[in-house]
Amino acid sequence: MTDGSGELERTLGFLEAMTLGGGTMIGAGIFILPGIAAELAGPASAVSYAIAGFVALLAALSLSELATGMPIAGGSYHYVNRALGSLFGAIVGWGMWTGLMFASAFYMVGFGQYIVAPLPGIDGRVFVIALGLLGLLFLIGVNYYGTEESSSLQNLMIGAETAVIVVFVAVGIFFIDPVNLEPFAPTGPSGIIATTGVVFISFLGFEIIATVAGEIKNPSRTIPLSMLLSVVLVTILYVLVMLVSTGVVPYETLRDSPIPVSDVAAVYLGVAGVFGIVFAAVIAAISSSNSSILAASRVVYAMGRDGLVTEWLNVSHDRFRTPHRAIVATGVLTAGLILLGLRVEAIIALLAEAASFSFLVSYSLVHLSLIVFRRADPDEYDPSFRLPFPVYPVVPILGVVLAAVVVSQMAPVIILIGSGIILLGIMWYFAYARGRVVGEGLLREAIRTVPASVYRVVVPVANPETQGGLLRLAAASAHANDDHGEPELVAVNVIEDDPSPLQNVEADRVDHQRELLEAAHDIATAMNVHLRTRAIVAPDTAVEILDVLSAEAAAQVLLGWDGTLDDGQFVFGPVLDPIVTDAPCDVSLVTLRDGHIGRPVALVAPGPNAPVIARRAAEFATLSGTKPTLLTVRPPRGDPASAERRGRAAIDDIAAQAGLEPDEYDASVVVSDDIDAAILDAIADFETVCVGLSQRTDGARIVYGVITEQVVSHASGNVAMIRGS
């Protein structure tokens with residue numbers, strides 16, 4: 001993997017998050033859309049903004065919980081991908097990426113329009129496009145250089161434009177003529193709802209906060225606070241702007257203006273007011289487009305991380321720590337949208353509504369994802385902001401319903417474009433992404449009303465040379481226990497990352513992790529056993545695996561081991577020792593020296609581990625179509641025949657405790673004064689040796705005993721050290 005891939009630095013505080021969110025919302029939409037909104041709904045367009053704000057607030061509530069539960073880059077795309085699976089992830093990923101590019105192009109066209117419109121005697125269309133492209137080029141450069149620099153620019157722009165808007169509202173409210181507000185809703189309820197779809201693009205800012213969650217400091221507090229506050233404040237501001245605009249200037253006049261807010265300001269603020277509005281509109285367009293480019297690049301960056309697009313895009317710049325390739329790709333496509341040879345007025349409405357459609361569909365899936373996360377309750381989901389009852393489930397259900405209502409009132413051409421984007425996501429998934437993605441959605445776990453009985457074996461994988469053998473042993477064991485539940489394997493790979501809070505939880509080596517888990521899927525398919533994968537990035541591998549064992553209610557854990565016993569601080573190693581000691585299930589620690597299992601022999605003697613050792617040997621034997629030999633060595637104590645009888649009785653008793661029928665094993669009793677030598681001599685004929693692992697510890701160390709040490713050292717084949725739960 002290329003150096004620097006998968007890492008983004010946490011540099012954004014509360015002020016930066018607010019200005020990223022608010023900067024997009026107190027942006028071009030407030031200067032460009034009032035004319036279009038007034039045309040569609042008249043003075044009641046203020047109600048459209050209020051409805052859109054309420055729909056956005058519902059989405060912000062669901063996103064706040066999800067974002068604090070998993071604060072990494074990707075926003076809605078990531079949550080849907082994790083909850084509903086990669087197919088829906090592809091739909092939302094493509095929808096968000098294209099929607100944000102539509103929005104950015106919309107903002108930059110508006111940027112050029114506000115500059116060109118007051119200038120007489122020039123070809124407005126050409127200059128609007130040219131200025132839009134120049135502005136876009138500037139923003140691509142800023143985002144390429146650094147997120148922190150982009151946010152600093154955002155702070156300056158938001159402060160200036162907010163001041164201008166506040167003056168516009170505070171003064172304009174005294175110039176409202178009630179006559180201009182009649183009729184208040186000339187197009188009726190349907191016109192109000194249809195206008196909601198057009199203006200919804202104005203509320204994308206809170207989503208951008210979630211999208212850059214991986215770069216936000218103290219995400220558990222900053223994310224929900226900045227999201228909810230930005231939506232509420234901006235909704236109030238939008239409603240006031242529309243009431244002032246349609247109350248000062250008749251909506252029939254306003255709808256024909258390409259620069260509506262400027263025309264309103266001219267009535268009561270004069271030339272100075274017009275200058276201020278033009279200035280604010282220009283920087284608002286820049287700030288909105290800046291936020292959209294920032295978020296769009298993070299979406300496609302996260303899609304590269306998950307295998308939904310080429311991982312060439314999931315790379316951060318070695319020096320600037322920005323997703324520079326994703327930024328450039330986003331900029332090139334956005335420039336293409338600006339260059340579309342449509343009339344300026346037409347393209348503005350088209351881009352705005354297309355972006356709104358994409359985000360309304362995405363938010364519907366986000367609401368469903370929240371329900372899935374709540375029901376599945378995966379181990380990695382631990383939100384610090386949690387919707388209380390009855391806010392949950394009312395919020396996600398109402399959010400889906402309202403989004404569907406708004407989409408249903410959109411223009412047919414917009415529904416066609418939006419459906420085309422969804423179809424693109426589906427086709428892309430089946431043509432490109434399906435064979436590349438590793439993670440599974442949680443939908444199956446969520447809809448499982450009564451948990452099925454499952455016999456689950458967890459297999460940590462890290463070494464591609466041995467993981468195949470480990471998974472085959474685990475599959476054999478799981479199949480042999482199908483009377484205890486549906487056999488299932490869980491392959492786990494943990495990437496140990498930098499524990500610094502300044503680093504994103506995603507780290508490098510993701511491609512290696514993906515290859516390991518893809519191979520695990522192939523092996524499981526060949527073994528005809530269901531397998532789930534757990535790809536984890538965490539600072540402590542042992543702790544994470546122990547958490548997985550508890551969360552999965554595992555019956556067994558099967559671990560690979562290089563066969564080296566250490567006389568120092570650890571016996572099996574710093575990762576294996578805690579698992580062997582604390583695992584709440586059966587443990588099999590396997591040294592695979594030969595992939596051929598052959599005839600296993602189980603060294604048994606009365607004790608709590610003996611039935612488990614015998615059972616495991618029988619399960620492993622199924623891989624070679626053999627049956628195990630249960631071996632015990634007894635001292636003669638003066639009567640070899642009696643010792644052999646006692647040994648045979650002990651073996652039969654252990655086999656019965658293991659659930660083995662007499663024809664499912666061979667018994668071997670060796671009578672000798674030299675037990676150690678007899679064991680080593682006896683195991684030489686077998687390809688795999690199963691031996692007990694002590695359940696005792698000597699202080700911090702695991703006790704393994706002389707015989708076990710000699711078996712590990714002298715056995716030429718595979719060795720499995722077994723410990724019962």
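Note that the coordinates shown come from a computational prediction; the quantities given were computed from them, not determined experimentally.
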Beyond-backbone contact of Pro460 with Val557, side-chain heavy atoms, under 4.5 angstrom: yes

Sole residue of Thr322, Asn290, Thr330 in side chain to side chain donor-acceptor pair (under 3.5 Å) with Asn143: Asn290

Review item, side-chain donor-acceptor pairs of residues 402-410, under 3.5 Å, at least two apart:
residue : atom : partner : partner atom : Å
Ser408  : OG   : Ala404  : O            : 3.4
Ser408  : OG   : Val405  : O            : 2.6

Close side-chain approach of Val395 to Leu370, heavy-atom, < 4.5 Å: no

Interatomic distance, Asn81 atom CG to Ile91 atom CD1 [nearest 0.5 angstrom]: 11.0 Å

Donor-acceptor under 3.5 Å (Trp94 side chain, Trp428 main chain): no

Ring pair (Phe, Tyr, Trp, His ring centres under 6.0 Å) partner of Phe203, the single match among Phe54, Phe359, Tyr238: Tyr238

Qualifying residue for side chain to side chain donor-acceptor pair (under 3.5 Å) with Tyr455, from His484, Glu488, Gln556: Gln556

Distance, nearest 0.5 Å, that separates OG of Ser358 from CZ of Phe102: 6.5 Å

Axial cation check for Tyr392 ring with Arg374, 6.0 Å and 45° limits: yes

Test item: Ile422 and Phe357 side chains (from C-beta on) under 4.5 Å apart, heavy atoms: yes

Test item: Phe389 and Val394 side chains (from C-beta on) under 4.5 Å apart, heavy atoms: no

Salt bridge Arg456-Glu486, side-chain N to carboxylate O under 4.0 Å: no

pair Ser76-Met96: side-chain heavy atoms closer than 4.5 Å: yes

Heavy-atom check, side chain of Val458 versus side chain of Leu558, under 4.5 Å: no

Non-hydrogen side-chain atoms of Leu63 and Tyr363 separated by less than 4.5 Å: yes

Worked check of side-chain hydrogen bond (donor to acceptor under 3.5 Å, both in side chains) between Ser104 and Ser289: CA-CA 4 Å; Ser104 185; Ser289 188; 2.6 Å; yes

Close side-chain approach of Ile327 and Arg298, heavy atoms under 4.5 Å: yes

